Chemist: 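Take this structure first; my questions come after.
Nothing here was measured: the structure is a model prediction, and the numbers come from that model.
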Amino acid sequence: MAEKVLTIADSITVGELAEALNLSVTTLVGELFKNGIAATINQRIDFETATIIVEELGLDVELEKKTTEGAGPERRVHELTDKAVDRPPIVAVMGHVDHGKTSLLDAILGQKVVDGEAGGITQHISAYQTIRKGRSITLLDTPGHEAFAALRQHGAALTDVVVIVVAADDGVKPQTVEAIRFARSANAKIVVAINKMDKETANPGLVKGQLAEQQIVSDDKQWGGDIPMVEVSAKTGAGVDELLDTVLLVADLEELKADIDVPAEGLVIEAHMEVGRGPVVGLLVEQGILKPGSFLVAGTTYGKIRTLLDFAGKPLKEAGPSTPATITGFKEIPQFGDSFELFKTEKEARTRIAAAKLENERNAASTNVTGADMLKLMTQKSETPDFNVIVKADVQGSLTSVMDSLRLIETGGQVNLHVISSSVGNITENDIRLAADDKTVIYGFNVDLPPAVKRLATRERTEVRLYRVIYELLDNAKDSMEALLAPEVVETVSGTLTVKGVFRTLKDQVIAGGEVTSGKVTSGVLVRALRGDELLGEAEITSLQREKVESKEVFEGDLCGFSLKTKRKLPLEIGDKLEFFTRELVTRTLK
């Protein structure tokens with residue numbers, strides 16, 4: 001029996017698992033890669049995968065799944081009232097690149113979008129609605145699995161059903177397996193769409209067999225499982241209606257409901273700036289009803305809904321639960337994944353924003369770094385950051401030069417440079433999709449970025465950097481890697497003082513006097529109070545007096561009075577030593 005038992009949730013990030021196992025992230029990522037899983041430090045893996053990796057590494061550790069009731073640990077559950085109403089199912093469509101996910105969404109939405117290019121799929125929105133038999137179905141386009149992970153990470157498992165698209169002529173691929181993991185982690189119901197049935201090489205039986213190896217077993221009589229699988233052709237439209245009927249059937253078993261007589265809440269699923277419109281924000285409503293004129297708060301920004309549009313850009317009078325909506329009126333662009341809340345007045349919204357910004361300021365790193373900041377920075381420095389790139393060049397010779405030069409950038413082991421892919425030719429949609437999964441930067445050398453690919457890159461928030469001079473490309477790569485380095489905390493002692501008198505001690509203030517024994521004392525610096533070798537606490541000097549006159553600094557050998565601002569009561573006594581210092585964040589560079 002294993003000596004150590006670790007309890008983890010249904011899913012865990014690679015970084016969290018490495019820390020729990022006392023392993024370097026590099027070791028864990030390497031072992032995952034050996035098992036066919038290309039994972040980053042922040043990517044989540046399920047319990048089963050974690051167990052396999054621990055066994056593969058031969059660790060004397062047993063993993064135990066944390067028991068949770070009801071929905072998964074990341075699901076934000078609202079207590080429903082007896083007035084809750086039925087809501088449309090929210091369906092995420094996922095699948096391997098080139099298996100026809102976008103074409104399937106096109107086939108579903110083609111009748112519903114007017115003036116939309118390719119069914120609206122290429123536009124800067126990521127949620128849609130269709131109608132089947134008088135019932136709405138909300139569809140989430142998940143172009144990159146990282147986007148889906150972020151949805152769950154922000155505490156809103158807004159996905160009820162995951163449709164996993166598998167090409168009948170290609171079978172299960174790595175991204176198919178990844179999609180299955182995400183669906184399970186989100187505690188969502190799974191429906192499989194076996195696409196491209198119009199092809200002569202279609203082999204749905206082979207697909208079902210490969211899926212069974214992933215414990216996704218078809219519910220037909222031959223297989224006897226519980227996962228609905230529908231054979232479709234996005235090209236001809238065959239089976240699409242049956243797929244939607246199946247989704248509705250699965251959703252009905254879940255009895256999906258939401259309250260509407262409550263303040264609206266939901267999630268920001270897309271946000272960008274448009275000339276003439278300002279911040280344009282895509283929302284998914286979780287409960288309540290949105291109406292034009294409502295005041296919303298998301299993260300550290302707020303706005304009054306100026307326009308409320310549906311996914312196709314048509315005006316909406318209101319947007320209820322499970323409805324995707326596009327709004328204008330925010331003061332600034334909120335972040336993807338921010339939860340939004342509705343407030344009755346602008347005053348209430350601004351008060352909420354002020355509190356959120358204050359909280360952010362407290363948590364942000366500043367010149368005078370707190371102990372919590374130091375601990376965070378130390379944790380960051382213990383992990384070697386990854387810089388993932390895809391390289392495209394005009395000819396093979398150029399590609400070889402760029403690749404060799406990138407590898408020669410000296411990082412001193414401070415950053416891991418990973419070339420995800422490299423090839424000759426213009427940047428393609430496949431490059432964008434590959435980059436979207438791992439927050440990868442695409443470098444193009446003497447190549448073009450076609451307009452359609454540029455739109456996709458904008459939607460995926462994928463960085464594409466084009467260069468004609470190789471040295472500019474390399475300088476940018478070096479600067480980008482340096483930007484990944486956590487800053488160093490540098491402390492500089494400016495002077496010491498011996499306490500000669502304590503005049504007042506309050507909960508958050510000490511007024512005292514003493515003699516400067518070395519260096520100088522300056523108002524505004526940090527103070528470390530010592531009694532022998534014992535650290536009493538830290539404070540900040542807020543005022544300084546020499547001979548009862550306010551002074552900016554006092555030098556060695558002089559007597560002075562001073563006031564200290566403390567976070568908790570500081571029991572200062574005569575004879576204690578004060579050490580005055582500054583604590584700064586210093587940007588690191590590649591050595």
Chemist: For Glu332, which residues count as a side chain to side chain contact (heavy atoms under 4.5 Å, CB included) partner, sequence neighbours excluded?
Modeler: Thr301

Chemist: What are the two closest heavy atoms between Leu140 and Ala127, and how far apart are they?
Modeler: CD2-CB, 3.7 Å

Chemist: How many angstroms lie between atom CD of Glu348 and atom CD of Glu341, to the nearest 0.5 angstrom?
Modeler: 11.0 Å

Chemist: Would you say Ile53 and Leu21 make side-chain contact, with heavy atoms under 4.5 Å?
Modeler: no

Chemist: Less than 3.5 Å apart, any donor N or O on the side chain of Asp198 or Thr236 sitting next to an acceptor on the other?
Modeler: no

Chemist: For a side-chain contact (heavy atoms from CB on, under 4.5 Å) check, start with the C-alpha distance between Phe295 and Lys344, then their side-chain angles and the critical distance, and finish with the verdict.
Modeler: CA-CA 7 Å; Phe295 290 97; Lys344 291 182 179 179; over 6 Å; no

Chemist: Show the numbers, then the answer: is there a salt bridge (charged side-chain N to carboxylate O under 4.0 Å, His left out) between Asp219 and Lys208?
Modeler: CA-CA 10 Å; Asp219 63 355; Lys208 291 179 180 180; over 6 Å; no

Chemist: Are Val281 and Pro334 packed together at the side-chain level, in the sense that at least one heavy-atom pair is separated by less than 4.5 angstrom?
Modeler: yes

Chemist: Taking only Lys NZ, Arg NE, NH1 and NH2, and the carboxylate oxygens of Asp or Glu, determine whether Asp241 and Lys133 approach each other closer than 4.0 Å.
Modeler: no

Chemist: Looking only at atom types and distance, does a side-chain atom of Glu460 sit under 3.5 Å from a main-chain N or O of Leu456, one as donor and one as acceptor?
Modeler: no

Chemist: Does some side-chain heavy atom of Asp160 sit less than 4.5 Å from a side-chain heavy atom of Leu256?
Modeler: yes

Chemist: How many angstroms lie between CD1 in Ile432 and CD in Glu463, if you round to the nearest 0.5 Å?
Modeler: 11.0 Å

Chemist: Looking at Trp223 and Ala212, what are the two nearest heavy atoms and their distance?
Modeler: CZ3-CB, 4.0 Å

Chemist: Is it the case that the side chains of Asp170 and His99 hold a donor-acceptor pair, with the cut-off being a distance below 3.5 Å and no angle test?
Modeler: yes

Chemist: Main chain of Ile305, side chain of Ser294: is a donor-acceptor contact present, judged purely on distance under 3.5 Å?
Modeler: no

Chemist: Rounded to the nearest 0.5 Å, how far does CG of Leu283 lie from OG1 of Thr323?
Modeler: 11.0 Å

Chemist: Does Ile327 form a side-chain contact (heavy atoms from CB on, under 4.5 Å) with Arg306? I'd like the steps, not just the answer.
Modeler: CA-CA 7 Å; Ile327 71 165; Arg306 192 165 64 239; over 6 Å; no

Chemist: Picking from Val162, Val250, Ile227, Val91, what satisfies side chain to side chain contact (heavy atoms under 4.5 Å, CB included) with Lys189?
Modeler: Val250

Chemist: How long is the straight-line distance from OG of Ser136 back to CD1 of Ile131, given to the nearest 0.5 Å?
Modeler: 3.5 Å

Chemist: How about Asp226 and Val217: do any of their side-chain heavy atoms sit closer than 4.5 Å?
Modeler: no

Chemist: Please answer whether the main-chain N or O of Thr81 pairs with a side-chain N or O of Asp259 as donor and acceptor at a distance below 3.5 Å.
Modeler: yes

Chemist: Can you tell me if Asp310 uses its side chain to pair, donor with acceptor, with the backbone of Gly313 under 3.5 Å?
Modeler: yes

Chemist: For Thr462 and Val441: C-alpha separation, side-chain torsions, deciding distance, then whether side-chain contact (heavy atoms from CB on, under 4.5 Å) applies.
Modeler: CA-CA 7 Å; Thr462 299; Val441 173; over 6 Å; no

Chemist: Can any side-chain N or O of Glu286 pair as donor or acceptor with the backbone N or O of Glu265 at less than 3.5 Å?
Modeler: no

Chemist: For the residue pair Arg433 and Lys101, establish whether any side-chain heavy-atom pair is separated by less than 4.5 Å.
Modeler: no

Chemist: Give the minimum heavy-atom separation between Val297 and Ile353, together with the two atoms involved.
Modeler: CG1-CD1, 3.4 Å

Chemist: Looking only at heavy atoms, which two atoms of Gly320 and Val285 are closest? And how far apart?
Modeler: O-CB, 3.2 Å

Chemist: Measure the spacing between CZ of Arg350 and NZ of Lys331 and express it to the nearest 0.5 Å.
Modeler: 7.5 Å

Chemist: Would you name the heavy atoms of Leu104 and Ala193 that are closest together and state the gap between them?
Modeler: CD2-CB, 4.0 Å

Chemist: With heavy-atom distances below 4.5 Å as the criterion, would you say the side chains of Leu434 and Thr440 are in contact?
Modeler: no

Chemist: Quick one: closest heavy-atom pair of Arg87 and Lys257, and the distance?
Modeler: NE-O, 3.5 Å

Chemist: Without swapping roles, check the side chain of Thr138 against the backbone of Ile90 for a donor-acceptor pair under 3.5 Å.
Modeler: no

Chemist: Between Ile180 and Ile164, is any pair of side-chain heavy atoms under 4.5 Å apart?
Modeler: yes

Chemist: So how far is it from Glu231 CD to Leu243 CG, rounded to the nearest 0.5 Å?
Modeler: 12.0 Å

Chemist: Is it true that Thr328 and Arg277 share a donor-acceptor pair across their side chains at a distance under 3.5 Å?
Modeler: no

Chemist: Give the C-alpha distance, both sets of side-chain angles, the deciding distance and a yes or no for side-chain contact (heavy atoms from CB on, under 4.5 Å) between Phe311 and Thr326.
Modeler: CA-CA 7 Å; Phe311 74 93; Thr326 301; 6.0 Å; no

Chemist: Using a 4.5 Å cut-off on heavy atoms from C-beta on, say whether the side chain of Arg132 contacts that of Leu248.
Modeler: yes

